[in-house]
Each structure stands twice: as structure tokens, then as C-alpha cells.
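As a basis for the values below, the full set of heavy atoms in this structure was taken, side chains included, without hydrogen atoms, waters or symmetry mates. All residue numbers in this chain count up from 1 along the given sequence.
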Amino acid sequence: MNKQTMIFSIFLFFWLFLGSTVAVASGNGNAEQVKGTVSNQFGKPVKDVVVTDGVNFVQTNEKGEYALTSDLSQSRFVYLSVPAAYEIPVTNGIADGFYRELKPRNGGSYDFTLTERRQPAEEFVYIAISDPQVMNEEQLNRFCNETVPDLKQTVQAQSGKEVYGMVLGDLVWDAMHLYGPYKESLSGLGITFFQTIGNHDFNLACKDRHNRAGQGDGYAECDYENTFGPVNYSFNVGPVHVVALKSIDYTGNKKYTERLGEEQLNWLKKDLSYVKPDTQVFVNMHAPAFNTTDSARANIRDAQELLAILSPYRVNLFEGHTHYFENREVTPSFYEHNIGAACGAWWAGHVNRCGAPNGYLVVNVKGNEVKWRYKATAQPASYQFRLYAPGTFETQPEYVVANVWDWDTSYQVRWYEDGKLIGAMERFDDEDQAYIAMHGKRSGYRTRHLFRCRPSSGAKTIKAEVVNRFGETYSETLSL
């Protein structure tokens with residue numbers, strides 16, 4: 001190549017580069033270069049940390065540096081997927097410090113500091129709580145006086161293990177002014193709390209960011225973001241990659257569709273591209289995916305797309321929204337927990353629509369082993385089913401009935417008469433009697449975790465025995 005040709009080639013390169021840069025800038029006036037560093041508590045750079053603005057992803061380099069070109073009309077935060085070797089930043093019990101709000105024309109520099117763990121968290125406790133759903137001060141007081149003290153006792157019983165809490169949406173009931181008091185109620189429990197967004201966590205006056213008419217309009221998840229940060233995010237604890245997702249497509253004034261949508265699904269694909277196949281992944285969202293009861297009407301519309309993305313991993317999916325309990329082993333490596341609500345049937349009493357008590361799920365992680373058990377509010381940990389004596393379950397007057405809320409198809413539910421094993425109790429569908437008594441009428445929802453047996457005429461005692469998928473046995477005896 002002669003000197004003249006070389007000069008021309010260099011000129012052409014810079015001309016094309018400048019043209020493309022101008023085109024990007026003119027096509028998106030909200031584009032901004034976002035950059036920064038991630039370092040540890042000693043000021044040393046941390047490499048390979050996954051950084052996202054909610055759309056784009058990048059990893060830090062050897063110097064702990066990252067850079068993204070962000071569209072500030074779509075991205076409000078830049079944030080980290082905290083690596084397992086580092087502590088989750090937390091303030092007064094609420095996870096924070098892993099995200100920064102993007103400010104237009106502020107120079108675009110956002111630095112993070114992470115604290116190295118003294119030792120890996122190979123064993124920890126994960127508490128999944130659905131639907132506190134407080135509408136007013138009275139309901140907030142019930143949450144503070146019933147659920148919160150029970151959580152405190154559960155944490156104290158964990159023998160010093162790290163405890164993480166994930167609240168699965170509907171933190172409030174269209175009452176944005178209660179975010180502050182709700183957030184304050186979770187402080188001081190010895191738990192690092194995270195949140196997901198539910199259909200009642202949006203501002204009624206707006207559509208969500210995806211559906212708003214123009215870039216200058218307000219958007220419905222703004223109050224939630226002001227209080228808790230991004231709606232889609234991830235972090236790592238021990239061997240587990242934890243993901244939170246927005247599963248509500250909100251169009252304003254309580255109108256919504258249960259759906260992840262293309263934006264959330266694309267974000268999840270990119271997030272998981274940094275996670276090794278066969279990793280244990282905890283996915284958290286508000287609406288369920290694979291329920292079969294209640295006409296499956298509350299399920300997200302893109303459940304199969306979610307399943308395809310998650311297929312390379314071992315998955316526990318945690319959800320709320322329905323105010324009933326339903327477990328499903330979707331595949332051998334994919335387990336769905338649609339758990340009972342903290343508020344039960346909207347703080348009407350002490351049970352959910354399916355008869356499961358108000359409560360939350362306690363998950364124990366030890367290496368690759370994941371075990372769980374439902375914790376009923378104000379009840380001992382051993383309270384895993386309710387037993388109805390003959391004549392107290394109105395549609396089954398001759399039967400002893402058991403409601404086994406955390407049931408799945410691996411469970412054994414059997415009965416003894418006067419100390420003698422008779423066999424398996426019969427599973428059936430019906431409305432739970434405790435819910436009918438609380439609600440005052442039938443609702444039409446039929447739970448599938450009811451079991452029955454008919455005692456003989458001369459029987460003196462009936463014992464029901466439940467063995468869960470982990471071989472743990474619970475029993476209760478009735479005197480007839």
C-alpha cells in the first residue's frame with residue numbers, strides 16, 4: 001500500500017466512524033455513555049462483575065472498569081449482579097447499593113464498592129413471602145404485629161445462618177404512601193430483603209414504562225423504583241443465582257395482563273448468558289406460570305418461553321398473586337412454588353382461598369441441596385396440615401379431612417385407625433371449610449390438596465400422617 005492510499009484509507013475509516021456516531025446520536029437523543037468501576041473495600045478492582053442498565057449487559061475488565069451506551073428513556077438504573085464472593089449491600093434490612101440511578105448529562109460515571117466475604121455462603125436460608133398487600137393502617141398493623149414477629153422468631157431459630165428474604169409482589173394494595181412504613185417494618189430482623197413488583201405495586205394513574213404514550217409521561221412503576229430500585233435484577237449467594245422479574249404488563253387503573261413480555265425475557269436471556277448451565281437458579285416473580293387450578297387464569301401468557309430459557313438450569317420458581325397454594329414439578333429440574341399469601345385472603349382472617357394459613361415459605365440451601373417447608377404465621381413449624389373431624393367439613397360429613405397445603409405428588413398421606421395403618425387417604429377436590437367459614441360463603445375455588453378417610457363405626461382414634469418429599473413426617477391424632 002503506498003502512502004497516498006494509506007492516508008485515504010485512514011480518512012475513510014474516521015469518516016465512516018464519525019458518520020455512524022452522528023447517526024446514533026441523532027437517532028436517540030437520550031443515549032449516554034455510562035461507565036464506572038467496581039472495586040472491593042480495599043480499593044482493588046473487581047473483574048468479571050456483570051453490569052446492566054436493564055437492557056444492555058457488560059462485564060468489568062481487569063481494572064474493574066465497565067462501559068455501556070444506555071438509552072435513558074428506557075434505563076433508569078445501572079446495577080450489578082453481585083457475585084457470590086461478595087456481600088449483598090444492605091441498609092436497614094433492605095438490599096441496596098447494588099444499583100445507581102442514571103442522571104442525564106452528569107458525566108456518566110457510576111462507581112460501586114463491594115465487600116469481600118470472609119467465607120462462602122454455601123449454607124443459607126431463603127424466605128419467600130407473597131402478598132403482604134396492605135391497603136391501610138389497619139392492615140399494615142396486622143402485618144407488623146403478626147407476620148413480622150413471626151419472621152423474627154424464624155430467623156432467630158436459624159442458628160446464625162445467613163437469611164435472605166424475597167417478597168413476591170403486592171407489597172401494598174394500590175397504596176403508594178405505605179411503601180415507606182412497609183419498608184421500615186422489615187428493618188432490624190436480621191434478614192436482607194429483596195422485592196418483586198406485583199399488580200398492586202403500580203401507580204394507578206399511569207401505564208408502565210413499556211406502555212406509556214411518550215417519553216415525558218409518568219410511568220406506573222416509578223414509585224416502586226423510587227423505593228426499591230430496578231424491577232428486573234439478579235444476585236448470587238453461594239451456589240445459587242437469584243433472579244427477580246416483572247411479570248405484570250400494566251396499562252393503568254388496575255388493568256394489566258400477567259405477562260413477562262419480550263423486554264423481560266430478553267433481559268433474562270442476557271443475564272443467564274453469564275451463568276453456567278446446571279446452576280441452581282431461584283426465579284422470583286408475582287404471577288404464576290404453570291398453575292392448573294382456577295382455570296389457570298392468573299398464569300403468565302408466555303410461560304413456555306420462560307421454560308425454554310430456563311431449561312439448561314435447575315430451577316425453583318417462587319410466586320404469589322393467587323392467594324392459594326399450588327406446587328408443580330414442571331420438569332424434573334423445574335419446580336414451581338405458588339405459595340400462600342402473608343395476608344391470606346386479603347386480611348379477612350387467617351387462611352388463604354385454599355385454606356392454607358397465612359404464612360411464608362422457608363427454604364434451606366446447603367450446597368446443591370434445596371429443601372423447603374411452609375411456615376404458618378403464629379403456628380409452630382410442625383404445623384403442616386389441618387385436620388377436620390367427621391361432621392365439621394360440611395360436604396364430607398362422614399369423613400376425616402386433611403388439608404395438606406404444601407402437598408405435591410411426591411407426598412404420602414396415610415391414616416391409622418386405633419393405631420393400625422389402614423392406607424393412603426383419598427385425595428379429592430373441594431372448597432376448604434375454614435375458608436368458607438371465614439368468608440361466609442362459597443367462592444367457587446376448589447383446592448386439590450384435600451384428603452379424606454372414612455372411619456369405621458366403632459373407631460376411637462384416627463391419626464393422619466404426612467410424609468413430604470424430603471422424608472419429613474408430620475402427624476395429628478383425633479379422638480372420635
Side-chain angles (χ1 to χ4, degrees), residues 28-117 164 166 179-180 183 187 192-197 201 208-210 215 218-219 221-237 241-246 263-264 266-268 270-271 274:
N28 182 5
N30 294 294
E32 184 166 310
Q33 187 77 3
V34 174
K35 63 183 185 300
T37 61
V38 181
S39 57
N40 67 13
Q41 71 268 38
F42 307 111
K44 295 181 179 180
V46 183
K47 68 173 184 176
D48 296 333
V49 179
V50 177
V51 185
T52 179
D53 61 5
V55 178
N56 307 293
F57 282 76
V58 71
Q59 282 184 293
T60 55
N61 62 19
E62 294 280 346
K63 297 180 180 180
E65 300 167 333
Y66 71 90
L68 292 162
T69 300
S70 300
D71 179 353
L72 270 59
S73 69
Q74 300 299 320
S75 298
R76 182 175 177 182
F77 303 100
V78 60
Y79 50 104
L80 313 179
S81 183
V82 178
Y86 295 84
E87 296 178 1
I88 303 294
V90 60
T91 302
N92 296 327
I94 304 296
D96 65 0
F98 67 94
Y99 61 90
R100 298 280 186 274
E101 185 171 7
L102 297 174
K103 301 290 187 181
R105 295 176 295 280
N106 79 332
S109 184
Y110 305 87
D111 298 335
F112 296 87
T113 301
L114 295 175
T115 300
E116 290 183 359
R117 288 183 171 276
Y164 297 87
M166 178 66 75
Y179 272 148
K183 183 178 180 179
S187 64
T192 299
F193 272 105
F194 294 84
Q195 324 289 324
T196 60
I197 191 167
D201 296 321
D208 67 18
R209 185 193 295 271
H210 170 75
Q215 293 179 4
Y219 62 97
E221 58 268 58
C222 185
D223 296 282
Y224 175 94
E225 290 181 345
N226 288 344
T227 312
F228 301 108
V231 294
N232 302 310
Y233 59 90
S234 70
F235 59 96
N236 303 273
V237 181
H241 183 70
V242 184
V243 178
L245 293 171
K246 171 179 173 281
E263 291 180 5
Q264 273 67 239
N266 286 339
W267 183 90
L268 180 61
K270 294 174 185 177
D271 176 77
Y274 299 96

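Here the CG atom belonging to Asp271 is positioned 12.5 Å from the CG atom belonging to Asn266, to the nearest 0.5 angstrom. To the nearest 0.5 Å, atoms CZ (Phe228) and OG1 (Thr196) are separated by 10.5 Å. Taking CD of Gln33 as the start and OG of Ser109 as the end, the distance is 11.0 Å to the nearest 0.5 Å. Taken to the nearest 0.5 Å, the NZ atom of Lys35 stands 11.0 Å off from the OG1 atom of Thr69. The CZ atom of Phe112 sits 10.5 Å away from the OH atom of Tyr79 when rounded to the nearest 0.5 Å. Here OG1 of Thr52 is found 7.0 Å from CG of Leu68. Values are rounded to the nearest 0.5 Å.
Every side chain to side chain donor-acceptor pair (under 3.5 Å) that Asn232 has, sequence neighbours left out, goes to Gln264. By the side-chain contact (heavy atoms from CB on, under 4.5 Å) test, Thr37 is found to be paired with Glu65, Asp111, residues two or more places apart in sequence or in another chain being considered. The side chain to side chain donor-acceptor pair (under 3.5 Å) search around Gln41 returns none, not counting sequence neighbours. Applying the side chain to side chain donor-acceptor pair (under 3.5 Å) test to Asp48 and every residue at least two apart in sequence or in another chain returns nothing. Under the side chain to side chain donor-acceptor pair (under 3.5 Å) criterion, Asp208 pairs with Asn211, Lys246, sequence neighbours left out.
Counting heavy atoms from C-beta on, the side chains of Pro89 and Phe235 never come closer than 4.5 Å. Considering only heavy atoms from C-beta on, Trp267 comes within 4.5 Å of Val243 through its side chain.
Using a distance-only test at 3.5 Å, with no hydrogens or angles considered, a donor-acceptor pair links the side chain of Lys183 to the main chain of Thr227. Judged by distance alone, with hydrogens and angles left aside, the side-chain atoms of Thr60 form a donor-acceptor pair with the main-chain N or O of Val49 at under 3.5 Å. With hydrogens and angles disregarded, no donor-acceptor distance shorter than 3.5 Å links the side chain of Lys63 to the backbone of Pro45. Arg117 contributes a side-chain N or O that, together with a main-chain N or O of Ala84, makes up a donor-acceptor pair within less than 3.5 Å.
Identified under the side chain to side chain donor-acceptor pair (under 3.5 Å) test for residues 84-95, with sequence neighbours left out: Thr91-Asp96.
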- Message: Quick one, Leu268 with Leu245, criterion side-chain contact (heavy atoms from CB on, under 4.5 Å). Give me CA distance, side-chain angles, the key distance, then yes/no.
- Response: CA-CA 8 Å; Leu268 180 61; Leu245 293 171; 4.1 Å; yes
- Query: Going through the checks in order, is the side-chain contact (heavy atoms from CB on, under 4.5 Å) test met by Val78 and Ser70?
  - Reply: CA-CA 9 Å; Val78 60; Ser70 300; over 6 Å; no
- Query: Yes or no on side-chain contact (heavy atoms from CB on, under 4.5 Å) for Val242 and Phe194, after CA distance, side-chain angles and deciding distance?
  - Reply: CA-CA 10 Å; Val242 184; Phe194 294 84; over 6 Å; no
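Under the side chain to side chain donor-acceptor pair (under 3.5 Å) rule, His210 has a single partner from Glu263, Gln74, Glu221, which is Glu263. Among the candidates Val34, Asn61, Leu80, the single residue satisfying the side-chain contact (heavy atoms from CB on, under 4.5 Å) test with Tyr66 is Val34.
Using cut-offs of 30° and 60° on the angle between ring planes, the pair Tyr233 and Phe98 is tilted. By the 30° and 60° cut-offs, the orientation of the rings of Phe77 relative to Tyr99 is perpendicular.
Checked by atom type, the side-chain pair Glu225/Tyr219 shows a donor-acceptor distance below 3.5 Å.
Looking at Lys44 and Glu116, no side-chain N of the basic residue comes within less than 4.0 Å of a carboxylate O on the acidic one, giving no salt bridge.
Atom NZ of Lys270 is surrounded by more than 12 heavy atoms from other residues, nucleotides or ligands within 6.0 Å.
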